[in-house]
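Down below is the structure, laid out as structure tokens.
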Amino acid sequence: MARKMGVYAVLAFVLYGLFFYWYLFQFADPKLPFEYEGTKADPATFLNGRELSLSEEYSKIRNLLFFLSTPLEWLIYFLILLFGLSKAFKRWAEDSVKHKLLHTPVYLFWLSLFAFIAVLPLSYISFSLSKTYHISTQSFPSWMKDELIDFWLNYATWLIIVPVLYWLMRKSQKRWWLYGWLLSVPFTLFMMFIQPVIIDPLYNDFYPLKDKALETKILTLADKAHIPAEHVFEVNMAEKTNAMNAYVAGIGSNARIVLWDTTLNKLSDEQILFIMAHEMGHYVEKHIYWGIAGYLLLSLLGLYVTYRMMNWAVDRFGKELKISDTKDIRSLPLFYMIISMLLFASSPLSNLVSRYQETRADTYAIEMTKNPDAAITSFQELTRNGLSQVNPPMLVKIFRYTHPPMLDRISKLEEYEVKHRTE
Ligand SMILES: [Zn+2]
């Protein structure tokens, strides 16, 4: 029975992959709706032929990798259970160390290592793809170093969560999801608080803006938005990527606006000021806090559903999955799998909220800078640099886009430009 289930799962994954291959490469039509043709949002007006075809090609492959990677994770966890690997990891842990307290860390290490190695090929494909298209400029050792930081950071985080989680399961079979959620609230806030000062610097260097003349302009703008000056940072990304970005991170006294140095190198001051104003919009409207609130709400529901689904799966398929009891650590791959499924299923909703926030930030930025030309050209430049799709297929937008497609963003700015020209 277990073997049959494994074969079906692999088959389902292959069919799913074929569907997305067909959807992205055959079905989806990259042509713009005719009313956008020739506008400033039409990539044909600001990309050359080569850039146009590269961006279509690159986006298609990226999108396929995106849709394959998460279900691949589910498949891996499912097979780990079916083939008794989770059981084996637990046995190895019990055989290799005497002390009971160390069993969970050792089990977790083997499980994490196995999952890390299983998804590594796909991560590598993704990395080398972005090198081929000259997005990533990172060397292989530097990429590997980031992957290893990811691994240890993940391991450390789960090492805090997992023992508490299974202790709660043993203490309260019916309410562990609720207590777990209650504990996750301060934990999440703490992680958000330390992220920009402890976690992000593990990967890159952060420092105050180097260009002092530009810094003065940005700080004048920040002052207008009532943002204290010490919250604006630059990060060295040029050694890793050609893509541009800026973002808001952290909470409380660690809240900050971060600009990638690639953005600073490639855009004019006017364009950078628009991007900054956009980030200030997020900051001023406290989008991070709304995001955390939404996430916490959703995770309460998610943990409850996980609790129900885990019990159901163990009752129904416990024999095949080699889990006799939910509260046995052997069920951890099942927990990971369900969490990942729920995250994927809820991503259309969280992306929708995020796209709404992005639209708000764009509006804030254009109202503040009142320079539609700089705004539009900065978005065109972002599109060119990231080889991104201006008008992605529907499913890509729903599952992948935390920002509105550039078609919408540029069109909105163009509307603003037309409106204010005639006034
Ligand atoms: Zn934004």
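Both ligands and their constituent atoms are indexed starting at 1 by order of listing.
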| remark: Here the N/O/S atom of E358 closest to the Zn ion (ligand 1) would be OE1
| query | Quick one: salt bridge (Lys or Arg N to Asp or Glu O under 4.0 Å) pairs with a partner in residues 203-215, sequence neighbours left out? | reply | K212-E215
| Looking at the Zn ion (ligand 1), is one of the N, O or S atoms of D362 less than 2.8 Å from it? | no
| Is the F25 to F20 ring centre distance short of 6.0 Å? | no
| So, Y16 side chain and F67 main chain: donor-acceptor pair closer than 3.5 Å or not? | yes
| note | To the Zn ion (ligand 1), the closest N, O or S atom belonging to H282 is NE2
| message | Given 3.5 Å as the limit, does a donor-acceptor pair link the side chain of S354 with the main chain of T402, or not? | response | yes
| Contact check: H287 to the Zn ion (ligand 1), N/O/S below 2.8 Å | no
